[in-house]
Amino acid sequence: MKVLAAGVVPLLLVLHWKHGAGSPLPITPGNGTCATRHPCHSNLMNQIRNQLAQLNGSANALFILYYTAQGEPFPNNLDKLCGPNVTDFPPFHANGTEKAKLVELYRVIAYLGASLGNITRDQKLLNPSALSLHSKLNATADVLRGLLSNVLCRLCSKYHVAHVDVAYGPDTSGKDVFQKKKLGCQLLGKYKQVIAVVAQAF
Amino acid sequence: MALFAVFQTTFLLTLLSLRTHQSEVLAEHLPLTPEALKVSVNSAQQCLHLQWTVHNLPYNQEFKMIFQIQISRTETSNVIWMGNYSTTMKRNETVHWSWESELPLECAAHFVRIRSVVDDARFPEWNFWSSWSSWQEVNVQDSTGQDTLFVFPKDKLVEEGSNITICYISGNIQNDISCYLEGEQIHGEQLDPHVSTFKLENVPFIRKGGTNIYCEEKQRKAISNGTVLFVSKVLEEPKDFSCETRDFKTLICTWDPGANTALDWSKQPSQSYTLFESYSGKKKHCEEKNRCNWQITQDSQEIYNFTLITENYLRKRSVNLLFNLTHRVHPMSPFSVQFENISATSAVMTWKVHSLGDYFTLLCQVELHGEGKMIQHNVSVKANGKYLLNELEPNTEYVAQVHCADDNHFWKWSEWSGRDFTTPEAAPSEAPDVWRTMKSGSHNVTLFWKPLSKFHANGKILFYNVAVENLDKPSRLEHRSIPAPANSTELTLDGCSYQIRVTASNSAGASPAAVIVVSAAPGNKEIEEEIIEGTEDGFSMSWKPQSGDVMGYVVEWCDRPQDPLCDFQWKKLGPNTTSTVISSDAFRPGVQYNFRIYELSTKRIAHLLERKTGYTRELAPSDNPHVVTNNLTSHSFTLSWKNYSTKSQPAFIRGYHVYLKSKEEQCQPGAEKAVLPDDTVCCQYKIDNPEQKTFTVENLKPESFYEFLVTPHTSFSEGPSGTFTKVRTPDEYPYMLVHVIVPVVICVVLLVCGCLLKSQWMKDKCYPDIPDPYKSSVLSLIKSKENPHRTIMSISDCIPDAIEVVNKQEGSKIQSLGTRKSLTEPELTKLSYLYLLPTEKNYSGPGPCICFENYTYNQAASDCASCGHAPVSPEAPPSQWGLLTSSENLLKALEKNYMNSLGEIPAGETTLNYVSQLASPMSGDKDSLSTNALVPPPCSEYKMQMAVPLCLASPPPTENSDLSSITLLGPSEHYR
């Protein structure tokens, strides 16, 4: 059983980062056994806080870089095009228990990671010369990846939560270019808003 | 013949029968309506692809047919396009045809139908239209939600400058929708309640990432949807397409590709380039955008016909180039460029070229750059090149380079190959230009020479040799070597004539000598200076030759005459020249330049010929002379400005104007009225001699004010209008008074002096001394003869009844009523004291105590305890004064305070001092001085003696009262 659990977690992680992997992961019982491949860091929560602060500090710059690279009408119509109305974004309740917050954070990061992957892919095609945007997107994805690992470690080691149901945003691969730009802008607007709340909650 | 007729008839009948059968067959299956019509859609291309067949065609042979196609939009009755399509087909063969819509197919439903006709001359009877096929509907966007908005086409690729139609489909017809292209609203027309179309003409290229078009719902204030139009730049035809070979192995074709038409989002890559050669039929895809290499085969192909094809998703262009290979030879650059046998004036240049074959001759061009000049030479070369570079300058750096081209069919020069070299030095080719100056009255000669030009120096001048030879008597030749870059040397000669030879030397040798002779008798007579007019271009001057046999002339001057170093200059002129223009960049307006013109005899002796002076441009004098007034009398005064130098002025001073202002309306003789710039009228005296620097104004009135101004004037202006100086003429009478009063005063003084010298005599004569009765001779007689006890009555024997106290200006006296002692009795007289207290506010030591034993004023002191030794403390607060309402209180307070200040001198222990009225405290009693350990600075002030009444002893109690300045007075016997 342990072997099975040890194999599921990395698989879960791999699946999270598959661009546009649309369907949610199978839900597993909350009381399932949990094991991590490597021992968790001693000051895990500090690391999580620092990572959240880092993301919060760079979210606005990423947002600005993104909408600037899309051209008109994006920079001058942020409210109409980039409003944070992403309907299926995972909820986050700042006043919950640490366990609940970590579970919700896990979902948020998983959602963001997948969406950011889509955006990065689209922008590399659409704006191949926007190197600073690409760099920022990659850096944010890197931090999100590390954060996801830390959160999972914390959930596993302290709360014995091995699996969290996650959902992803819509796959944009079939959308037209304008919709991709718009969805990316909305997502990054939402990310900027949510990450501030999350960073404050921890 | 008959047989032929039968055969012909039979053939015709057979043909007729066959034809009749065919007609019957066709008539049976008519109409030939197209069937199995299928319509497919390519949204990206906005194309409808139609395919159909005609089943009813008879026979299995090809028929030439015409199909008429109708396309309707929105509804079948709205036919937007109708056209014919001709083709040949067989029975059951599927026909394909495409139609491109200008409107995105998503914007509206389209309907298609077809009919056909046989257009074959073989079957004219079937030449009629079949019936239409049934309408085939094409509806790409078949579901539109209530709140949805779609914009079409999606991500379309178009070319810059083309026209395009877009549309939006709105589920809610109530919405007010506006569409924008990069922020600028576009206007369209409504196709139906849900659909509006917009025709965009001449669409611009904005960015590689596409042009955003979006639609905004005004009521929701939301940009619901949009589309990105990928506008590609127009593919340009390649320019400057050209091919050449450098080695007959490879053809290098190059061109200017023009704008890159690549778009982001992989919508369109950069345009591709393909090279096609028609004679060989070979094709090559070029990896680079602007060049392509083509391998030359060894099949001796000379003529090439290249087509360069460029294409992108939207367009294809090509350019053609036909050429002979041997006419497109671009040789490689020469190599191994060397120089041999480099001398001061020549060098041999060699180089090698890459061989192109035995039949090729190269034309090489040699370029020589040096000294700002360039020389070109052409050389024909097979394999190795060689060229003699001559007429070079010594000690000069040259750059020589060579490039080559095909001599038979010039196409292009190769790149340059070159090197630099420097020619060695040679001896200077010309003697230095030498001149001298001689100080008048001495035998010091300063030799000057100008550095040789690079052209004549032929190298770096290391030193100058000066050889001095005495011409009057045989002596050893004196040599002097002066290192460069010195340009002068000073020689001290005696009264003989000398020949001086100057040469310049570099590492290769010495120059020819410049010879100059210094004569024993210069014979420079006094020559008057001539004024010349200069211009911005210099000074033009001429002179008259004195002797016919001259070597030449020399004009000398200083470029900066006001500087101590002067920047000495000269110009040598030929013997036939009697005029020249001296110009210099150093010449400045307002500076006087002096020129001396010398004549050089055949013996090289210089004689001063003429002197010239002038300005390039005269400026107005900037200062007026400083004028001193002398000899002021009641009728005249003299003005003097002797320190004013006319030489250092910015123009020739021609004289002076003296302006005189007075109350008199009429000017004196010699003056004339002048109006000043401030419109005041005054008298003007003119002085035309610039060296006259004094002027006497006469005929003035005594006791009158005059104002004067002296200003220099030049030929065109005068000095600045400065401030007038005021002068007042004195009265006439004081002179008379001086003549009378001074003798009288002297006499009086002499008289007084005489009187003083004879004062004793005068006293004796005018007021002799009263005789002393004690010393009278009468007394001696009485004493000795009549009564030996008899004497003059002593005042001390008298007992006074009353004492009257009299206050005097010079001192008050208060006498105790209780005393019965005579004040005139020296041994009984008590001492009276006057203390001079310190006046310094912060003085803390004991005050200087001078006690005057004053017999003269005949006052008696009462009690020594109340003498002025009672000290006053300077620390007593000013407020205490207000409390001292009685003299007793006052004294107590003062005594207390002063005790504190005097410290070690208690009031009761005051020492009695007998001090002479004229004695200084230092000469007083030593005990007294020793008591006061802290002896203040000596004070021998003898204050005015004045008795202070008790009521005055207390000063008014003001806050500013200074205790230390108060003189203490006791209830009595205190004096000041």
Side-chain angles (χ1 to χ4, degrees), chain A residues 19-20 63-88 117-137 170-190, chain B residues 43-44 104 106 140-141 147-158 166 168-169 175 177-186 204-231 260 262-270:
Chain A
H19 288 311
F63 182 52
I64 292 168
L65 275 174
Y66 181 87
Y67 68 67
T68 308
Q70 309 315 309
E72 269 304 310
F74 288 88
N76 293 318
N77 292 277
L78 293 179
D79 53 334
K80 296 171 185 170
L81 284 164
C82 306
N85 40 2
V86 184
T87 50
D88 54 352
N118 287 338
I119 291 170
T120 309
R121 176 201 61 197
D122 291 344
Q123 289 301 312
K124 281 183 177 170
L125 273 173
L126 187 61
N127 289 308
S129 54
L131 299 179
S132 51
L133 173 63
H134 302 161
S135 166
K136 203 81 177 171
L137 283 167
D171 180 17
T172 58
S173 59
K175 305 268 184 192
D176 63 79
V177 174
F178 191 85
Q179 285 299 322
K180 284 175 177 169
K181 288 181 175 183
K182 185 180 173 185
L183 288 171
C185 202
Q186 285 177 333
L187 189 276
L188 290 179
K190 182 72 178 177
Chain B
S43 289
E106 295 90 342
V140 180
Q141 191 72 18
D147 292 327
T148 53
L149 177 76
F150 295 100
V151 181
F152 294 106
K154 292 291 182 191
D155 311 335
K156 189 170 178 60
L157 173 67
V158 294
I166 65 164
Y168 72 77
I169 305 169
N175 279 346
I177 296 170
S178 301
C179 292
Y180 301 85
L181 186 148
E182 290 288 326
E184 203 165 302
Q185 189 170 0
I186 50 179
F205 170 85
I206 294 177
R207 68 178 79 85
K208 287 166 66 181
T211 304
N212 293 324
I213 298 170
Y214 56 97
C215 296
E216 182 181 2
E217 294 176 65
K218 293 288 182 189
Q219 288 165 344
R220 287 173 58 195
K221 293 185 177 175
I223 296 175
S224 303
N225 216 327
T227 186
V228 178
L229 204 61
F230 288 91
V231 181
N260 189 350
L263 293 172
D264 291 341
W265 198 240
S266 301
K267 269 295 168 184
Q268 180 173 265
S270 294

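In what follows, chains are A, B, ... by sequence order, proteins preceding strands, each numbered from 1.
Here A/Asp122 is the residue among A/Asn77, A/Asp122, A/Asn127 with the most heavy-atom pairs under 4.5 Å with chain B.
Residue A/Lys175 qualifies as open at atom NZ: its count of foreign heavy atoms under 6.0 Å is 12 or below. The number of heavy atoms from other shown groups lying within 6.0 Å of CD (B/Glu184) does not exceed 12.
Heavy atoms of A/Leu126 lying under 4.5 Å from chain B belong to its backbone as well as its side chain. Looking at A/Asp79, there are no atoms closer than 4.5 Å to chain B (heavy atoms on both sides), in backbone or side chain. The parts of B/Ser266 that come within reach of chain A are both its backbone and its side chain, each placing non-hydrogen atoms under 4.5 angstrom from that chain. For chain A, the nearby part of B/Ile213 is the backbone; its heavy atoms alone come within less than 4.5 Å.
The line from CG of B/Asp155 to NZ of A/Lys180 is 7.5 Å long, rounded to the nearest 0.5 Å.
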Working for side-chain contact (heavy atoms from CB on, under 4.5 Å), residues A/Val177 and B/Phe230 | CA-CA 10 Å; A/Val177 174; B/Phe230 288 91; 3.9 Å; yes

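Between B/Gly226 and A/Asp176 the shortest heavy-atom distance is O-OD1, 4.0 Å.
With B/Asn212 as the fixed residue, the side-chain hydrogen bond (donor to acceptor under 3.5 Å, both in side chains) test singles out one of A/Glu72, A/Lys182, A/Lys181: A/Lys181.
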